Number of protein chains: 2
Amino acid sequence: MSVESRQSSAPARVDEVLARVREAGGRATTSRRILLERLFAEGSHKTAEELAHEVQRIAPDVHLSTIYRNLEELERLGVVTHAHLGHGPATYHLATETHGHLSCESCGATLEAPLGLFDGLAEAARAAFGFEIDPRHFAVLGHCAACRAREAGAEAD
Amino acid sequence: MSVESRQSSAPARVDEVLARVREAGGRATTSRRILLERLFAEGSHKTAEELAHEVQRIAPDVHLSTIYRNLEELERLGVVTHAHLGHGPATYHLATETHGHLSCESCGATLEAPLGLFDGLAEAARAAFGFEIDPRHFAVLGHCAACRAREAGAEAD
DNA sequence: GGGGTAATGGGAACTGTTCGCAACAACGTG
DNA sequence: CACGTTGTTGCGAACAGTTCCCATTACCCC
Ligand SMILES: [Mn+2]
Ligand SMILES: [Mn+2]
Ligand SMILES: [Zn+2]
Ligand SMILES: [Zn+2]
């Protein structure tokens, strides 16, 4: 491995996205670049405010509204999507990671669910109503295994 | 039919609920009564603001915050629930009408889905993650039959 | 009818997000 | 490597939906 070898594919992909931004008539801004680096970094389901804080550790003057505007733009380009996991702020992640969400109403934990999990519901909704579900944008709420165990334990006290 | 016969069971039920409110140490307020009458009236999935307008046609001074407080209280008593059908305000309906929601991201139309529709997903989530879904609080989004037809038509132009 | 207190009107506060605008900075051109 | 165009930014105000606070009201039990 050479000194120039990349630790991950993220930096290369950031440049790819910025190239695409320019193709679309946009500009490769520093705030844009840093935001993209954070989006390609590990950990997903980050809120705009969390992303703002991460970006501000590198460029303190980047304003929250700039984060929102850039997320909006990146979403138009198909690079980013957001999901609503319950009450509270939306969370953003790369559009390449495509999955549904199961979100616990008790503890807020979120599970990424492969889209296949929703096949049964998809078929039922299509058959009954001609309705085509999209389980990616809004989470399905409920109660996670841990919380169910805890609640069952407290009940049988 | 006597002159005193009720047009529907709603008024009787309003009084039943108000009795329950009093049992719980609450009071049978006029704003409370009118709100309940509106909730028992036809049409569901009303937002707090819509309910406020309906109530204000009878009692103009009832404040929106009073509506919210009463809905909150009635929810604690198990009379009312709310659901989130997409972006925008929550919608409230009687807790007796228990169903899930399918909400169209294109036109905003909402379908009331019998809970059985979610059995496939419920089983899959339980099997894969030990997660127990509750499809009543948040709608499952997607695209309704009408919008799908329209979009397919425009595409095949 | 009077007293205790739940509930109200009114408005401010709050969260999450969008908007308007003047100053700035990216980048194609010369 | 100026320079002008124009996309982008920082900033604050505005916005939507909801909750909170507080002095005043009105329910309801005696
Ligand atoms: Mn959304
Ligand atoms: Mn809710
Ligand atoms: Zn949980
Ligand atoms: Zn539709």
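Proteins get letters first, then strands, A, B, ... in listed order; numbering begins at 1 in each. Note that the structure is predicted; figures quoted are calculated from it, not measured.
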Verify the contact: side-chain N or O of [X] to OP1 or OP2 of [N], cut-off strictly under 4.0 Å; return yes or no.
X       : N      : value
A:Tyr68 : C:dT18 : no
A:Arg27 : C:dA25 : no
B:Thr29 : C:dA7  : no

Touch class at under 4.0 angstrom, heavy-atom based, for B:Ala28 against every strand present: sugar-phosphate
Sugar-phosphate, base or nothing in reach of A:Ala90, heavy atoms under 4.0 Å: sugar-phosphate
Donor-acceptor under 3.5 Å (A:Ser103 side chain, A:Leu85 main chain): yes
Check the distance between [N]'s [atom2] and [X]'s [atom1] and give it to me in whole angstrom.
X       : N      : atom1 : atom2 : value
A:Glu72 : C:dT17 : CD    : C1'   : 10 Å
A:His63 : C:dT18 : NE2   : P     : 14 Å
B:Glu75 : D:dT18 : CD    : P     : 11 Å
B:Leu18 : C:dA7  : CG    : C1'   : 14 Å
A:Arg22 : C:dA26 : CZ    : C1'   : 9 Å
B:Gln56 : C:dG10 : CD    : P     : 10 Å
A:Leu64 : D:dA14 : CG    : P     : 18 Å
A:Arg69 : C:dA25 : CZ    : P     : 15 Å

Salt bridge present between B:Arg76 and B:Glu73 (N-O < 4.0 angstrom): yes
Closest-nucleotide ordering on DNA chain D, the 5'-leading residue of A:Asn70 and B:Gly88: A:Asn70
Closest-nucleotide ordering on DNA chain D, the 5'-leading residue of B:Thr30 and B:His84: B:His84
Modelled atom types, side-chain donor and acceptor of B:His101 and B:Thr110, under 3.5 Å: no
Proximity of B:His137 and B:His82 rings by center, below 6.0 Å: yes
With respect to the side chain of [X], which nucleotide from [options] is positioned closest?
X       : options               : result
A:Pro89 : C:dT8, D:dG17, C:dG16 : C:dG16
A:Asp61 : C:dC27, D:dG10, D:dT9 : D:dG10
B:Arg32 : C:dT18, C:dT8, C:dA26 : C:dT8

Nearest non-hydrogen partners of A:Leu102 and A:Ala113, listed with the distance: CG-CB, 4.2 Å
Of B:Ser65 and B:Gly26, the one whose closest DNA chain C nucleotide lies more 5': B:Gly26
Closest-nucleotide 5' rank along DNA chain C - winner of B:Val62 and B:Gly25: B:Gly25
